[in-house]
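Here is the structure we will look at.
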Amino acid sequence: MLDIKFVRENPDAVDASMASRNGSWDRDRFFELEAERRSVIAEVEGLQAQRNSASKQIGRLMREGKRDEAEAAKAAVAADKERIAELDARRGEVEEALTDLMSHIPNIPDESVPYGKDDSENVEVRRWGTPREFDFEAKAHWDLGPELGIIDFERGVKIAGSRFYLLGGMGARLERALINFFIDMHIKAGFKEWWPPVITNAATLYGTGQLPKFEDDLYHVEPNLYLIPTAEVMLTNIHRDEIVDGSKLPLKYTAFTPCFREESGGAGRDTRGIIRVHEFDKVEMVKFARPEDSMNQLEAMTHEAELCLQALGLPYHVVTLCSGDLGFSAAKTYDLEVWLPSYNNYKEISSCSNCWDFQARRANIRYKDPSEFKGTRYLHTLNGSGLAVGRAMAAIIENYQNEDGTVTVPEALVPYMGGVTVIEPEEGVSA
RNA sequence: GGGGAGAUGGCAGAGCGGUUGAAUGCAGCGGUCUUGAAAACCGCCGGGCGUGCAAGCGUCCCGGGGGUUCGAAUCCCCCUCUCCCCGCCA
């Protein structure tokens with residue numbers, strides 16, 4: 001959520017932000033509600049002040065035994081009672097409407113974010129590695145996986161539904177290896193490991209910005225319970241409604257969780273393979289940073305995700321999302337896109353964002369640092385994938401495939417694979 | 001699922017319906033003392049909103065919501081959560 005005072009004083013900035021994001025907001029209604037809110041507050045608080053002092057007076061008269069005067073004072077105050085109740089109710093309505101309006105406004109892009117209408121205008125920042133030239137016909141992971149007997153699409157659909165898949169044998173082991181490998185990388189970089197629930201409530205989802213606007217993207221378990229779309233939700237909300245000790249910042253958290261997405265809007269996109277599915281595994285990084293340090297922390301977090309790809313020897317490039325492609329809560333985002341031979345292109349495998357105080361304001365996460373300022377301030381939250389496990393697996397299968405249909409295990413993963421260096425076709429899973 | 005207890009400031013923990021936004025302790029901040037530190041002593045020390053250049057003033061907040069009252073942390077109702085016992089159970 002944006003700062004309401006900022007919006008009042010800089011409506012043009014919100015207009016510009018909305019235009020650059022292909023969005024819109026009701027500026028007139030905002031000012032209408034905002035003005036009414038303040039006038040209602042002024043009036044009701046004035047009446048409350050009168051009532052409060054009258055009440056004190058009544059208390060005093062009662063103590064002094066001046067019954068008649070006390071009764072007269074009571075009658076005088078009673079007149080305002082109804083008006084106060086009326087204004088109070090109106091205040092509730094206006095504030096609710098205003099909050100609702102505000103909670104649908106996305107974050108404002110950082111000034112360094114390039115202007116653009118959609119992902120075609122994202123800007124490449126750097127490349128690492130060179131896509132491999134195959135001297136044989138390279139296969140897509142959706143063919144090679146089943147042939148190796150490590151990915152089973154048909155039975156995944158049978159036991160769960162479309163856009164679900166099943167890993168078997170070395171496929172399952174590779175998933176587990178990747179999870180452990182990524183988490184170990186982050187632990188070495190100073191991240192604290194967490195293991196959160198994958199079911200969450202509405203307040204938590206509101207805090208990170210999934211609700212109220214993106215309810216349709218979420219799986220519902222019960223009216224107030226949802227499956228998490230990413231561990232970011234849980235890690236960021238760990239400190240919801242808390243005041244963090246400023247000397248502890250930045251806090252660096254990591255967690256592995258499965259992620260659940262309805263993908264109702266994704267029909268027809270990435271229909272093959274394990275690229276876009278309803279349930280996927282991801283290791284996530286989240287940081288809580290001081291405002292003046294958050295941009296540096298974004299660079300560092302992006303670098304941390306890059307190290308994972310480098311360690312796996314997977315070619316990738318980094319792009320800055322343009323304004324039109326930016327997510328709801330993000331002020332700036334770097335996407336890491338890994339080379340996928342089947343796409344003959346780079347495909348998103350990590351997204352690292354600085355949300356500034358947008359989520360912190362929603363989730364009420366502040367910090368305190370008596371040596372620098374009195375009171376509390378909203379901190380900045382950041383999140384980044386490190387990495388999407390399923391897409392990493394797809395990239396490994398495709399980039400490390402051999403002409404004989406086997407897949408070489410990236411060296412860094414061998415210890416995590418129990419010494420296995422090559423994945424060979426196996427029986428009894430799907431083949 | 002059944003029964004019982006509870007929810008107060010960063011933490012711990014008081015609080016006859018009327019200067020209680022809230023005692024006290026710890027933590028924190030500032031200071032005295034000290035070569036420095038500790039100890040001791042003194043002072044300060046919640047948040048949101050409105051208003052104001054500011055100092056300040058006002059208002060709301062004692063899990064959440066509603067009610068009674070001139071006035072509620074204190075009384076009533078509903079909800080949520082936590083803890084303990086029993087049942088069930090990986």
Side-chain angles (χ1 to χ4, degrees), chain A residues 1-9 30-103 195-207 211 221-226 234 237-249 251 288 357 360-379:
Chain A
M1 192 139 84
L2 299 176
D3 180 1
I4 199 162
K5 281 186 205 144
F6 173 86
V7 175
R8 189 206 308 161
E9 285 158 20
F30 170 82
F31 278 105
E32 209 174 279
L33 290 168
E34 214 281 325
E36 184 176 0
R37 168 172 170 271
R38 281 190 289 157
S39 83
V40 170
I41 285 174
E43 189 178 350
V44 77
E45 290 190 353
L47 291 174
Q48 284 171 330
Q50 284 177 31
R51 183 196 61 193
N52 288 346
S53 69
S55 290
K56 282 185 183 172
Q57 178 67 13
I58 291 168
R60 212 171 297 132
L61 292 170
M62 300 279 274
R63 241 174 288 123
E64 293 166 4
K66 297 176 181 169
R67 279 300 167 102
D68 294 346
E69 286 179 53
E71 287 306 319
K74 278 190 192 183
V77 188
D80 287 336
K81 205 180 172 184
E82 204 171 308
R83 181 64 183 156
I84 289 176
E86 212 172 86
L87 287 167
D88 220 35
R90 183 59 192 157
R91 175 182 182 168
E93 288 167 17
V94 170
E95 292 194 327
E96 191 183 327
L98 191 58
T99 301
D100 185 61
L101 190 156
M102 290 293 296
S103 67
W195 198 281
V198 298
I199 289 180
T200 189
N201 54 40
T204 297
L205 289 160
Y206 179 85
L211 291 179
V221 181
E222 279 179 34
N224 188 40
L225 289 181
Y226 305 78
M234 302 314 249
N237 277 282
I238 285 175
H239 294 299
R240 172 153 54 86
D241 293 322
E242 289 184 13
I243 297 168
V244 178
D245 178 353
S247 68
K248 300 218 164 66
L249 299 176
L251 289 168
F288 301 85
D357 58 3
R361 188 171 291 107
R362 286 176 163 252
N364 191 28
I365 311 172
R366 293 166 295 173
Y367 75 107
K368 187 181 248 185
D369 196 336
S371 65
E372 287 191 11
F373 56 89
K374 62 180 167 70
T376 59
R377 290 183 185 168
Y378 290 116
L379 45 69

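In what follows, every chain begins at residue 1, and chains take the letters A, B, ... in the order their sequences are listed.
Nucleotide B/C88 forms no Watson-Crick or G-U wobble pair with any nucleotide shown, as no partner meets the under 3.5 Å limit on both distances. Pairing of B/A23, defined by two Watson-Crick or G-U wobble distances under 3.5 Å, is not identified with any nucleotide. Nucleotide B/G50 has B/C57 as its partner under the Watson-Crick or G-U criteria, with both atom distances under 3.5 Å. Taking a pair to require two hydrogen-bonding distances under 3.5 Å in either a Watson-Crick or a G-U wobble arrangement, B/G17 remains unpaired. Pairing for B/G9 is absent, with no Watson-Crick or G-U wobble pair whose two atom distances lie under 3.5 Å. Nucleotide B/C29: paired with B/G43 (Watson-Crick or G-U wobble, both distances less than 3.5 Å). Pair assignment for B/U68 gives none, since no Watson-Crick or G-U wobble pairing has each distance under 3.5 Å. Pair check for B/C62 finds none; no Watson-Crick or G-U wobble contact set falls under 3.5 Å.
B/G46 atom P lies 18 Å from atom CZ of A/R377, rounded to whole Å. Going from atom CZ of A/R366 over to atom C1' of B/G48 covers 8 Å, rounded to whole Å. Straight-line distance from the CG atom of A/D241 to the P atom of B/C81: 16 Å, rounded to whole Å. In this structure, A/I84 atom CD1 and B/C60 atom C1' are separated by 13 Å, rounded to whole Å. A/D88 places its CG atom 18 Å from the P atom of B/C49, with the value rounded to the nearest Å. Taking atom CD on A/E71 and atom P on B/G71, their separation rounds to 13 Å, with Å as the unit. Computed from coordinates, the A/K56 NZ to B/G58 C1' distance equals 11 Å when rounded to whole Å.
A donor-acceptor distance shorter than 3.5 angstrom exists from the side chain of A/N224 to the backbone of A/A202, with no hydrogens or angles considered.
Backbone-only contact: A/I41 has heavy atoms under 4.0 Å from sugar-phosphate atoms and none from a base. Using a 4.0 Å heavy-atom criterion, one finds that A/R8 contacts the sugar-phosphate atoms exclusively. Contacts of A/N52 with the nucleic acid, taken as non-hydrogen atoms under 4.0 Å apart, involve only primed sugar atoms and P, OP1 or OP2. Contact annotation for A/A49: backbone-only contact, meaning every heavy-atom pair under 4.0 Å involves sugar-phosphate atoms and none involves a base. Note on A/R51: only backbone sugar-phosphate atoms sit closer than 4.0 angstrom, heavy atoms only; bases stay farther off.
Summarising the geometry, atom CD1 belonging to A/I4 is positioned 5.0 Å from atom CE belonging to A/M102; distances are rounded to the nearest 0.5 Å. To the nearest 0.5 Å, atom CD of residue A/E43 and atom CZ of residue A/R91 are 12.5 Å apart. In this structure, the separation between CZ on A/R362 and CG on A/N237 is 11.0 Å, given to the nearest 0.5 Å.
Straight-line distance between the P atoms of B/C76 and B/U82: roughly 24 Å, to the nearest whole Å. Here the separation of B/G4 from B/C89, taken at their P atoms, is 24 Å to the nearest Å. For the P atoms, the distance from B/A39 to B/A72 is 44 Å, rounded to whole Å. B/U20 and B/C78 are spaced 33 Å apart, taking the P atom of each and rounding to whole Å. Nucleotides B/U51 and B/C33 are separated by 44 Å at their C1' atoms, to the nearest Å.
Contact check, A/R37 against B/G50: a side-chain N or O comes under 4.0 Å of OP1 or OP2. OP1 and OP2 of B/C49 both lie 4.0 Å or more from every side-chain N or O belonging to A/R38.
Taking all atoms of both residues into account, the shortest heavy-atom contact from A/M62 to A/A70 is SD-CB, 3.8 Å.
Residues A/N52 and A/S55 bring no donor and acceptor atom of their side chains to less than 3.5 Å of each other. No donor-acceptor contact under 3.5 angstrom links the side chains of A/R51 and A/Q48, judged on distance only.
Between the side chain of A/E45 and the base of B/G50 there is no donor-acceptor pair of N/O atoms closer than 3.5 Å.
Checked against B/G71, B/U59, B/G48, the side chain of A/Q48 finds its nearest nucleotide in B/U59.
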